[in-house]
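Proteins come first, then strands; the chains are lettered A, B, ... in the order of their sequence lines, and each starts at number 1. Heavy atoms only: backbone and side chains are in, while hydrogens, waters and symmetry mates are out.
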Amino acid sequence: MVDTPPTLTGDVPSDDRGLKQVTSRLRARERTLKARLAAMTPRGVFIVIDQTHNRLYLKKGDETMLEAVCSAGSGMVLKESSGKKREWVFDTPRGRFEVLSKRANPVWRKPDWAFVEEGQPIPKNPAERLDYGSLGEYALYFGNGYMIHGTLYERLLGRAVSHGCIRVGRDDLRVVWANAPLGTPIYIY
Amino acid sequence: MMPQRTWLRRWVTRALVASACLSLAACSRSPAEQQISDAQAAAARLQRSTAMLQRKIELAARKDFYLLLDPAAPELALMLRGAELQRYPVLGLMLGRPRVAWIQRGGHRPWRGVVWSGGNLEPPRPVLRVVQQDGGPSQEGEEPTAPPVPPTAEERYPVPSRYLIRFDDGLSVEIRPREADAAAGTWARWRTWWGAKWRDVVTAMRPRNRDALRLRVVLNPRDAESLYRALPPDVRLLVLDR
């Protein structure tokens, strides 16, 4: 590879005073842009989830505070054979999210697909949808029904088995819970 | 005879020194000129730096994933909204331009400081979807069958020994693991080399604006595999220019 020396583009002043003015303007612009870029990069703690390798990283700046094995969406397609013949795809969404709410001892309100998957009739009574304990000790919601939560099936961590949520082991979930306040950015790729 | 020879030698030496001094004086700049030249170079560096910052801000403002390749570090980073998601140390970096019959095709297009878009894997990563049909209402006392344990990422996605990330405007980034060839035998290495050369020749002869520039990035084998398995679709790329 050949490195070309930097050359000034545009109107190039040839006198010392003109050059000083250009340099000063560029320095000021560089400061502004650096500040703008710094404002865009996450400050404080943030969560990165590699859904292919089923890993969750709790980071602060360049430091990785925690690397946890997790379970992301399986990518499975569930088809309903009767009734409305609905279809669900269990993918974990990619992109930037935020911790919108946190719950200790969360209760899962089972959606229709949970009953369809188990071959059970969909209950009419909302109380019959409530499931206690299956989400573990804590849940961190990040929108559209997705959350980071615990699991009863820790032996499956490291494999994509969830319905789109991020499942984390008990001890790692405690660390995430303790360090990720509301508004913590979550980056999923 | 001796004094005459000494006199001649002295004059030749003086003439040589004088001519060397004259040529040095002609070549060297005055301090003022040197100062202006230094100031111009510094301003040019600042201009490059601000242009790079501007591009980084543009990329961070979008919802797309992007790659930042820093040839000076050297490293490749997967980014989203200004956050570094994964960093891959680069072990080797080369730029190639297509040549047909020893003649370079296309002009010298810039590749640093340009945002390349629409980057996708070639060969593409297979999307494996298991389709499950609901079993209807289960019988009383019937044990629900446990779903099969899905494979891990390593089991699910085999990674080719070399692969490309192709961008819309003619740039392709070839990712090679450093020790990809070391483990294979001579025949297998020769076959791979020949296959790659043949594919490159065919690609170079195509009139399309494909492979107008190729960056070969050598990564650690584990990083190369990890990048293939995890790269989101339609990424952008910025090669930093310092």
Looking at CG of A:Leu26 and CD of B:Gln47, how far apart are the two atoms once the value is rounded to the nearest 0.5 Å? 6.0 Å
So which bits of residues 28-51 of chain A come within less than 4.5 Å of chain B, counting non-hydrogen atoms only? A:Arg29, A:Glu30, A:Leu33, A:Lys34, A:Arg36, A:Leu37, A:Met40, A:Thr41, A:Pro42, A:Phe46, A:Val48, A:Asp50
Could you go through the side-chain contact (heavy atoms from CB on, under 4.5 Å) check for B:Gln86 and A:Tyr57 one step at a time? CA-CA 10 Å; B:Gln86 194 63 259; A:Tyr57 304 90; 4.1 Å; yes
Could you check whether any side-chain heavy atom of B:Arg156 comes within less than 4.5 Å of a side-chain heavy atom of A:Arg159, counting everything from C-beta outward? no
Option in B:Leu46, B:Val127, B:Thr152 with maximal non-hydrogen atom pairs under 4.5 Å from chain A: B:Leu46
The interface call for B:Glu84 against chain A, heavy-atom contacts under 4.5 Å, is backbone
Tell me the salt bridge (charged side-chain N to carboxylate O under 4.0 Å, His left out) pairs involving residues 97-108 of chain A, sequence neighbours left out? A:Arg96-A:Glu98
For residues 66-74 of chain B, run the donor-acceptor check on the side chains, cut-off 3.5 Å, and write out each pair with its distance to 0.1 Å, sequence neighbours left out.
| unit_1 | atom_1 | unit_2 | atom_2 | d |
| --- | --- | --- | --- | --- |
| B:Tyr66 | OH | B:Gly82 | N | 3.2 |
| B:Asp70 | OD1 | B:Ala72 | N | 3.0 |
| B:Asp70 | OD2 | B:Arg242 | NH2 | 2.3 |

Could you grab the distance from atom CH2 of A:Trp113 to atom CD of B:Gln132, nearest 0.5 Å is fine? 11.0 Å
Which atoms of B:Ala83 are under 4.5 Å from chain A, going by heavy atoms: the side chain, the backbone, both sets, or neither? both
Report which part of A:Ser74 has an atom under 4.5 Å of a heavy atom belonging to chain B: side chain, backbone, both, or neither. backbone
Residues of residues 149-158 of chain A near chain B, each having a heavy atom less than 4.5 Å away: A:Leu156, A:Gly158
Could you look at B:Lys63 and say if it's the side chain, the backbone, both or neither that has a heavy atom under 4.5 Å from chain A? neither
Nearest 0.5 angstrom please: B:Asp64 CG to A:Arg94 CZ, how far? 12.5 Å
Closer than 3.5 angstrom, by distance alone: can the side chain of B:Arg129 be matched with the main-chain N or O of A:Met76 as a donor-acceptor pair? no
How far does OH of A:Tyr189 sit from CG of B:Leu85, to the nearest 0.5 angstrom? 6.5 Å
Whatever's closer than 4.5 Å to a heavy atom in chain B on A:Ile188 counts as backbone
